[in-house]
Amino acid sequence: VNRYQPEDGGEPVYRKIQCNHCNEPACASACFVAAFTKTPEGPVIYNHKVCLGCKYCIVACPFNIPAYRHHDPLTARIEKCTMCFERVVNGDVPACAAACPKEAITFGKRSDLIEVAWERIRSFPDQYVEHVYGENEVGGTSWLYLSGVPFEQIGMRTDLGVKPLGE
């Protein structure tokens with residue numbers, strides 16, 4: 001989680017930084033050994049057993065998410081959020097959504113969440129920027145954001161366009 005302090009000295013804004021689980025992930029399109037897989041449930045998962053360690057996924061990701069961890073040469077691997085894939089396929093919600101004390105993280109069907117997000121924006125126009133981040137960026141993501149301040153002010157890229165980067 002990153003904390004952003006507004007220039008006017010107002011209340012800080014917090015943003016969870018993690019894999020956005022792109023609908024058409026650039027990390028997967030850059031991986032020539034198919035170590036990354038977009039699952040039908042939404043998560044983009046990583047198979048360390050086939051990864052060669054080329055790090056193309058790190059370069060390809062527009063959100064700077066995959067990280068190369070190398071504690072020693074035998075355990076080096078890419079690390080990233082898996083949206084708790086094991087929980088999701090068993091009908092549970094990701095741990096971050098289950099544990100969020102303010103219920104700021106909601107889990108569900110993407111199309112339903114987009115509707116909920118736009119309804120919140122319409123219902124509380126003074127509280128939110130009129131944009132659902134992730135609805136269309138880079139072809140859409142499985143992780144969506146609402147914000148009360150412009151997205152670039154909380155460190156999010158606004159120059160990505162709507163075309164999937166794998167294309």
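T158 places no side-chain N or O within 3.5 Å of a backbone atom of E152 that could act as its donor or acceptor partner. For N20 (side chain) and C22 (main-chain N/O), no donor-acceptor pair under 3.5 Å exists by modelled atom type. Judged by distance alone, the side chain of T37 and the main-chain N or O of T39 form no donor-acceptor pair under 3.5 Å.
Between I65 and C61 the shortest heavy-atom distance is N-SG, 3.5 Å. The two residues C31 and A35 have their closest heavy-atom pair at SG-N, 3.1 Å. The two residues G42 and S142 have their closest heavy-atom pair at O-OG, 3.5 Å. Residues C84 and P94 come closest through the heavy atom pair CB-CA, 3.7 Å. Residues C51 and V33 come closest through the heavy atom pair CA-CG2, 4.3 Å. When every heavy atom of P62 is checked against every heavy atom of A26, the shortest pair comes out as CD-CB, 4.3 Å.
V149 is not connected to L146 by any chain of hydrophobic side-chain contacts under 4.5 Å among Ile, Leu, Val, Met, Phe, Trp and Tyr, and they are in different clusters. One hydrophobic cluster, built from ILVMFWY side chains closer than 4.5 Å, cannot hold both V129 and V132; they sit in different ones. The cluster map of Ile, Leu, Val, Met, Phe, Trp and Tyr, joined by side-chain heavy atoms under 4.5 Å apart, puts Y145 and V116 in different clusters. There is no path of hydrophobic side-chain contacts, each under 4.5 Å, that joins I105 to I121. Side-chain heavy atoms closer than 4.5 Å link hydrophobic residues (I, L, V, M, F, W, Y) into clusters, and following such links, even through other members, never connects L144 to M156.
Counting only residues at least two apart or on different chains, the salt bridge (Lys or Arg N to Asp or Glu O under 4.0 Å) pairs with a member in residues 74-87 are R69-E79, R87-D92. For residues 122-133, the set of pairs meeting the side chain to side chain donor-acceptor pair (under 3.5 Å) definition, not counting sequence neighbours, comprises E119-R122, E119-S123, H131-E137. Every pair tested for side chain to side chain donor-acceptor pair (under 3.5 Å) that includes a residue from residues 100-116 fails, sequence neighbours excluded, so the list is empty.
Rounded to the nearest 0.5 Å, atoms CD1 (I154) and OH (Y14) are 13.0 Å apart. Rounded to the nearest 0.5 Å, atoms NZ (K16) and SG (C100) are 9.5 Å apart. The distance from the CZ atom of F32 to the CG atom of L52 is 5.0 Å, given to the nearest 0.5 Å. To the nearest 0.5 Å, the span separating CD on Q153 from OG on S147 amounts to 8.0 Å. In this structure, the separation between CH2 on W143 and CD1 on I17 is 13.0 Å, given to the nearest 0.5 Å. How far CZ of R15 is from OH of Y4: 4.0 Å, rounded to the nearest 0.5 Å.
Residues meeting the salt bridge (Lys or Arg N to Asp or Glu O under 4.0 Å) test with E11, sequence neighbours left out: none.
Heavy atoms from other residues, nucleotides or ligands lying under 6.0 Å from OH of Y56 number 12 at most.
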Point to revise | Intermediate values then yes/no, side-chain contact (heavy atoms from CB on, under 4.5 Å), V162 and V138 | key: CA-CA 5 Å; V162 298; V138 296; over 6 Å; no
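Through chains of ILVMFWY side-chain contacts below 4.5 Å, V89 is grouped with I45, F85. Grouped by direct or indirect side-chain proximity (heavy atoms under 4.5 Å, Ile/Leu/Val/Met/Phe/Trp/Tyr only), F36 sits with V44, Y46, I58, Y68, I78.
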